[in-house]
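Notes to accompany the following structure.
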Amino acid sequence: DGGITQSPKYLFRKEGQNVTLSCEQNLNHDAMYWYRQDPGQGLRLIYYSQIVNDFQKGDIAEGYSVSREKKESFPLTVTSAQKNPTAFYLCASSKTYSNQPQHFGDGTRLSIL
Amino acid sequence: GNSVTQMEGPVTLSEEAFLTINCTYTATGYPSLFWYVQYPGEGLQLLLKATKADDKGSNKGFEATYRKETTSFHLEKGSVQVSDSAVYFCALMARGGADGLTFGKGTHLIIQP
């Protein structure tokens, strides 16, 4: 079955450490997205990518970085510059960025040690 | 900018009760509208969508009608079940969709037997 796989499900970060969250999709979707979910705040867009080797900042990109070297993969790095990284991170993809519903992975919960 | 406002939760109902979760939006042009559902510890699942005015999206007994005149997309279900307990998100995607989905803050629905 096609879908979006996020790993790991749980991740712990030490102070000053960068961590990378994996997102892989086998839906042959062009567009991919990263969202951050905090309690009571809904989801906020971190970065998105419409095609390989291209990506754009979302509403809360500071302290994060991404790459899109392959169509199937869109990893997110939470850098030490992100001072409040504890959250639930969701990856999504869609056929194109235009009005197509987004399909979501099961998320990665990041916590600070 | 775009925004989505949905009723604050938690919303607690008895099994077989009628459900309405209100959602209103602000957007330029004619966005596409979505309802997503999130079960505990999981990602988001698309529940239903509507892409133009007066469209009705429906799935699993849930319905929502795109009302341009009132900029609303209220979610309804005639008889809820305990298994419907989850968090429900209203979202919009602007025409062109270059900046991903804009989400409401979510409504936590609790159905008691």
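Excluded from the calculations below are hydrogen atoms, water molecules and symmetry mates; all remaining heavy atoms, backbone and side chain alike, are included. This is a predicted model, so every value here is computed, not measured.
Interface remark: B:Gln45 contributes no atoms to any contact with chain A (heavy atom separation under 4.5 Å). Residue contact with chain B, scored on non-hydrogen atoms closer than 4.5 Å, involves the side chain of A:Leu90 exclusively.
Test B:Leu47, B:Leu46, B:Thr51, B:Leu48 against A:Pro101 for side chain to side chain contact (heavy atoms under 4.5 Å, CB included) and you get one pass: B:Leu46.
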(request) Could you check A:Tyr33 against B:Leu101 for side-chain contact (heavy atoms from CB on, under 4.5 Å), going step by step and ending with a plain yes or no? (result) CA-CA 9 Å; A:Tyr33 309 82; B:Leu101 287 164; over 6 Å; no
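To the nearest 0.5 Å, atom CG of residue B:Leu44 and atom CG of residue A:Asp106 are 10.5 Å apart. In this structure, CD on B:Glu42 lies 7.0 Å from NZ on A:Lys9, to the nearest 0.5 angstrom. With values rounded to the nearest 0.5 angstrom, A:Gln37 atom CD is found 9.0 Å from B:Phe103 atom CZ.
Around atom NZ of B:Lys105, no more than 12 heavy atoms belonging to other residues, nucleotides or ligands sit under 6.0 Å away. Remark: B:Tyr39 OH is packed, more than 12 non-hydrogen atoms of other residues, nucleotides or ligands lying under 6.0 Å away. No more than 12 heavy atoms of other residues, nucleotides or ligands lie within 6.0 Å of CD in B:Glu16, so this atom counts as exposed by the packing criterion. Few gaps surround CD on B:Glu69; more than 12 heavy atoms of other groups in view lie less than 6.0 Å from it. In this structure, B:Phe18 places its CZ atom where more than 12 heavy-atom neighbours from other residues, nucleotides or ligands lie under 6.0 Å away. Counting heavy-atom neighbours within 6.0 Å of A:Gln17 CD, excluding the residue itself, gives a total above 12.
Contact tally against chain A (heavy-atom pairs below 4.5 Å) for B:Gln38, B:Lys49, B:Glu8: the top residue is B:Gln38.
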